[in-house]
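Structure first, then comments.
The figures that follow rest on heavy atoms only: side chains count, while hydrogens, waters and symmetry mates do not. In what follows, chains carry the letters A, B, and so on, assigned in the order in which the sequence lines appear, proteins first and then strands, with residues in each chain numbered from 1.
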2 protein chains.
Amino acid sequence: MTTIRDIARAAGVSVSTASLAVNGDPRVRPATRAKIEAVAASLDYHPSHVARSLSQGRTWSIQLLNPIEKTMSSGFFTRFVAGLHDGANLHATGVTLAAPSNAEGARTTLERMIRERRADGVVFMNVQPDDPLLDVALNHAYPHVLVGSAVRPDVVTVDSDNHLVALDVTRALLARGSRSILFLNGPEALGFTTARANGFLEAHAELGVEPHPDAVAYTDGTAAEGQRALAERLDAGVPIDAVIAISDFVAVAAMQILRKRGLAIPEDVRVYGINDDDVGRYSVPMLSTVDLRAYELGRTAADLLMNQVEENDTHPARRIVGHRLIERESSA
Amino acid sequence: MTTIRDIARAAGVSVSTASLAVNGDPRVRPATRAKIEAVAASLDYHPSHVARSLSQGRTWSIQLLNPIEKTMSSGFFTRFVAGLHDGANLHATGVTLAAPSNAEGARTTLERMIRERRADGVVFMNVQPDDPLLDVALNHAYPHVLVGSAVRPDVVTVDSDNHLVALDVTRALLARGSRSILFLNGPEALGFTTARANGFLEAHAELGVEPHPDAVAYTDGTAAEGQRALAERLDAGVPIDAVIAISDFVAVAAMQILRKRGLAIPEDVRVYGINDDDVGRYSVPMLSTVDLRAYELGRTAADLLMNQVEENDTHPARRIVGHRLIERESSA
DNA sequence: TTGTACGCGTTATCAT
DNA sequence: ATGATAACGCGTACAA
C-alpha cells in the first residue's frame with residue numbers, strides 16, 4: 001500500500017511538497033508538480049480516507065436516520081435517498097444508513113454517531129416535530145436536517161407545503177363536484193398530517209361546504225388501517241363520494257375496498273393518493289396523485305446539511321419544495 | 001472534546017493503561033479499571049471512530065453498490081437493505097450506500113473505495129454475472145458479496161434458487177390446468193433470468209407440455225416493457241391462460257393490460273408475480289407471488305461479507321436462501 | 001518554493 | 001500491572 005511518504009521518496013521531494021502537489025496547491029513549481037504526479041500515478045497512489053478524516057476532523061459522510069423501517073418500501077423514500085446521495089456526492093461525501101428499530105435505538109445511535117464523530121451530519125426522517133432526537137442534535141450543535149416540520153424554530157427543515165398539498169387536492173375534488181370527501185390521513189403525531197387536515201378543511205370553507213364530522217380519519221398510515229377506517233365509515237352509512245389518501249399505497253388499498261363493495265371509481269367515488277409511487281401507475285383505474293418531488297427534497301436536504309458542515313452556517317433554515325398534482329383516471 | 005489522554009491524565013495513569021481499561025483488557029487491575037471507567041464516564045468520553053479506524057486499518061463500514069437506481073423502489077430492495085443493515089450492525093459496522101448512475105461511475109466508485117480504503121467490503125447488487133466490477137474486487141482481494149450468480153467461481157455470492165423458483169411457480173400453474181403460460185422475464189444479461197427460464201421449461205417438460213415458442217419474453221424488467229411484451233403477443237393471437245412476471249410490479253402492470261382487454265383474472269388468465277412486494281397485496285385481485293426472503297438475503301450477505309472481513313476467510317462461498325410461494329387470488 | 005516537525009486520537013509493542 | 005513510545009497516513013503551520 002503506497003503512502004504519501006513513498007511518493008515523496010520516489011519523487012525526491014519532501015512529504016509536504018508531495019502533499020501540496022497532490023492536493024493541487026498552486027505554490028508548487030509546475031516541474032516538480034508534474035514529477036510528483038507522474039510518480040503518484042505510476043505508484044497508483046490514493047490518499048487514505050481515514051487518515052485524511054483524522055487530520056481534518058471531518059468524515060466526509062453523512063447519516064440518514066430513519067427510525068421507521070416500514071416506510072422504507074415506498075418509492076418516495078428511495079427517490080429521496082437518491083437525491084440525498086447525489087447531493088452529498090457533489091461534496092465528495094457519502095451517505096450511510098441507520099434504521100434503528102425503536103426510539104431508544106435511535107437515540108443511542110445518534111448519540112454514538114455524534115460523540116464518536118462517525119458522520120459530519122444527520123438527516124432525520126420519519127421523526128416527530130418534537131422528537132427528543134432533535135434536542136440531542138441541537139445540544140451538540142450537530143449539523144442536521146429534519147425532513148418535515150419541527151416545533152422548535154432552530155431545527156433546520158426541508159418539507160413540502162402540506163397545507164397547500166391538501167388544499168390543492170381538495171379543491172380539485174370539490175371542483176369536480178365531490179361533496180362528501182373522506183381524508184384517510186396519517187398519524188396525528190407526525191405533524192404534517194394536521195397541516196394537511198387544515199388544508200382539507202380550508203378548501204371546504206372556501207366553498208362553504210360543510211365536511212362530514214368524520215371526514216378526517218387519523219390512522220397509523222398503513223394500508224390495513226386505511227382500509228379499516230374506510231370500511232368502518234362505509235358500514236356506518238357515512239356518505240362518501242371521494243377519498244384522499246395519505247399515500248398511494250393507502251389509496252390503492254382503499255380502492256380495493258371500494259371495488260369489493262361494488263362502488264365504481266371514479267364514477268361513484270373519486271380517489272386521490274399522495275406521493276406518486278409506482279403502485280398508482282399500474283393500478284386499475286390509474287391513480288391520481290401528488291408528486292412531492294422526493295428527489296428534490298433529498299437534494300435540498302443534502303444542500304442544507306452540507307452547508308452547515310462546510311460553511312459552519314448554523315442559523316436555522318426552513319426550505320419548502322414545491323409539489324405537483326398528477327391527474328389520472330381515478331379522479332376523472 | 002475529550003480524548004483518551006484526558007482520561008489518562010485525570011485518572012493519573014498512562015495512556016496505554018487507559019486504553020486497555022476502556023477496551024476491557026483483562027490485565028488491568030480492577031481498582032484502576034474502576035477508577036478509569038469512572039473518569040471516562042464523568043468526562044463523557046467516547047473513542048473517536050476515525051482514530052480507531054486509522055490505527056486498526058479497518059473502517060467498520062461496508063458499502064452497498066447498486067448501479068441501477070431504478071430498482072431501488074421495490075420492497076425487495078428495501079427489505080434487503082434492512083437485513084444487510086441489521087447483519088452488519090451485529091459486527092458494529094455501518095452500511096453506506098452508493099448508487100452510481102452508470103457503469104463507468106460504478107467502476108470509479110469501487111476503485112476509489114478500495115484504494116482509499118473507505119469501506120471494509122462491498123455488496124454488489126444488480127450487477128451482471130460477468131461484470132468487470134467483480135474482477136476489480138477480486139484483483140484487489142477485496143471482501144465482497146454478489147447478490148445473484150456469478151460466472152467466475154471465486155466470486156462470493158448469495159442468491160435464491162432461481163431455477164427452483166420458476167419451477168415451483170410453473171408447476172403450480174400447470175397443476176391448476178394452465179397450458180399456455182407466458183413468462184414475462186427480465187433482462188437476459190442478468191443471469192438469474194436464464195435460470196428461471198430453465199425452471200419454467202423444465203416444469204413443462206415434466207408434464208410433457210410443449211410451451212409456445214414465444215412463451216419466454218426477455219424484457220428490461222420495467223412494467224412498461226412487460227406490458228408491451230404482453231400486448232404484443234395478445235395482438236398476435238398467442239394463446240395465453242397464465243402469466244408469470246419477473247416482479248410484482250410487472251405482474252400488476254400486466255393485469256392492467258389483461259383487464260383492459262376484458263380478460264378476467266384468474267378465470268381467463270392466472271397471474272403470478274415474484275418478490276412479494278406490497279403492490280400485490282392491495283391489487284384487485286390480490287396477487288399470487290413468491291417470497292424471496294429479501295431480508296434473509298441481506299442478512300446472509302452481511303454474514304458472508306463480515307466473515308471475509310474478520311476471519312480473512314477468502315475461500316469462495318455460494319449461499320442459497322430459500323423461497324416460499326404465496327397463493328392469493330390471482331392464481332386461483 | 002520546499003523542508004521540518006508536529007498534531008489528529010487510537011492501538012500495539014516493548015520495557016519495566 | 002503499568003508506562004513510554006512508536007506507529008497509522010495525512011495535512012499544515014512554520015521555518016528556511
Side-chain angles (χ1 to χ4, degrees), chain A residues 1-37 39-40 43-61 92-93 112-120 310, chain B residues 1-37 39-40 43-61 92-93 112-120 310:
Chain A
M1 194 203 39
T2 132
T3 82
I4 199 164
R5 253 174 271 269
D6 301 329
I7 305 300
R9 197 174 311 123
V13 297
S14 77
V15 207
S16 38
T17 310
S19 176
L20 290 179
V22 165
N23 291 329
D25 192 294
R27 58 189 161 168
V28 38
R29 197 177 354 165
T32 52
R33 160 187 311 286
K35 171 73 176 169
I36 292 170
E37 282 175 346
V39 170
L43 262 54
D44 193 37
Y45 168 74
H46 289 261
S48 154
H49 178 248
V50 273
R52 174 175 276 166
S53 293
L54 181 60
S55 111
Q56 298 187 155
R58 197 170 150 188
T59 68
W60 301 95
S61 75
T93 102
R112 287 178 48 127
M113 188 191 335
I114 295 178
R115 294 193 291 215
E116 299 180 357
R117 285 156 293 283
R118 276 174 178 267
D120 297 334
E310 294 180 342
Chain B
M1 193 205 39
T2 132
T3 81
I4 198 161
R5 254 173 270 269
D6 301 329
I7 304 301
R9 196 174 312 124
V13 298
S14 76
V15 204
S16 22
T17 309
S19 176
L20 290 179
V22 164
N23 292 328
D25 192 295
R27 58 191 160 165
V28 38
R29 199 180 350 164
T32 53
R33 159 186 310 286
K35 171 75 176 166
I36 293 171
E37 281 176 347
V39 170
L43 262 54
D44 192 36
Y45 168 74
H46 291 262
S48 154
H49 178 247
V50 273
R52 175 173 277 169
S53 293
L54 181 59
S55 135
Q56 297 186 154
R58 194 167 153 192
T59 67
W60 300 96
S61 75
T93 102
R112 288 179 46 129
M113 188 190 336
I114 295 178
R115 296 192 290 214
E116 300 180 357
R117 285 157 295 282
R118 276 173 177 267
D120 297 335
E310 294 180 342

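- Side-chain nitrogen and oxygen atoms of Thr17(A) include at least one within less than 4.0 Å of the OP1 or OP2 phosphate oxygen of dG3(C).
- Whole-Å rounding puts the Arg58(A) CZ to dC10(D) P distance at 18 Å.
- Nearest-nucleotide positions on DNA chain D for Val50(A) and Arg33(B) put Arg33(B) closer to the 5' end.
- Which of dT2(D), dT11(C), dG11(D) sits closest to the side chain of Val15(B) comes down to dT11(C).
- Rounded to an integer number of Å, the gap from CG of Asn23(A) to P of dT12(D) is 7 Å.
- Distance Glu116(A) CD to dT11(C) P: 11 Å, rounded to the nearest Å.
- Between the CZ atom of Arg115(A) and the C1' atom of dG9(C) there is a distance of 17 Å, given to the nearest Å.
- At the heavy-atom level, Ser53(A) lies nowhere under 4.0 Å from the strands shown.
- Side-chain nitrogen and oxygen atoms of Ser55(B) include none within less than 4.0 Å of the OP1 or OP2 phosphate oxygen of dA12(C).
- Here Ser16(A) lies in heavy-atom contact (under 4.0 Å) with a base.
- A donor-acceptor pair under 3.5 Å links the side-chain atoms of Asp25(A) to the main chain of Arg27(A), judged by distance alone.
- With distances taken from any side-chain atom of Tyr45(A) to the nucleotides dT10(C), dC10(D), dT12(D), the minimum falls on dC10(D).
- Nucleotide dA15(D) holds its P atom 17 Å from the CG atom of Leu20(A), rounded to whole Å.
- Of the listed nucleotides (dT10(C), dG9(D), dA1(D)), dA1(D) has the atom at the smallest distance from the side chain of Arg27(B).
- The closest side-chain heavy-atom distance from Arg58(A) to Thr93(A) is below 4.5 Å.
- Residue contacts shown for Leu54(B) include a base, since a base heavy atom lies under 4.0 Å away.
- Considering only the side chain of Ser14(B), dT2(D) comes nearest among dT10(C), dC8(C), dT2(D).
- Of the listed nucleotides (dA1(D), dG7(C), dG9(C)), dA1(D) has the atom at the smallest distance from the side chain of Arg29(B).
- Using a 4.0 Å heavy-atom criterion, one finds that Ser19(A) contacts the bases of the nucleic acid, with or without backbone contacts as well.
- Rounding to whole angstrom units, CG of residue Asp25(B) and C1' of dA1(D) are separated by 10 Å.
- Between the Ser61(A) side chain and the Ala119(A) main chain, no donor and acceptor come within less than 3.5 Å of each other.
- For the side chain to side chain contact (heavy atoms under 4.5 Å, CB included) with Ile7(A), the qualifying choice from Val15(A), Val39(A), Thr17(A) is Val39(A), the only one to do so.
- Straight-line distance from the NZ atom of Lys35(B) to the C1' atom of dT2(D): 16 Å, rounded to whole Å.
- Within the nucleic acid shown, Val13(B) comes within 4.0 Å of sugar-phosphate atoms alone, with no base atom in reach, counting heavy atoms only.
- Using a 4.5 Å cut-off on side-chain heavy atoms (C-beta onward), Asp6(A) and Thr3(A) make contact.
- His46(B) pairs in a side chain to side chain donor-acceptor pair (under 3.5 Å) with only one of the listed residues (Glu116(A), Arg117(A), Arg112(A), Arg115(A)), which is Arg115(A).
- In this structure, His49(B) atom NE2 and dC8(D) atom C1' are separated by 15 Å, rounded to whole Å.
- Contact annotation for Arg52(B): backbone-only contact, meaning every heavy-atom pair under 4.0 Å involves sugar-phosphate atoms and none involves a base.
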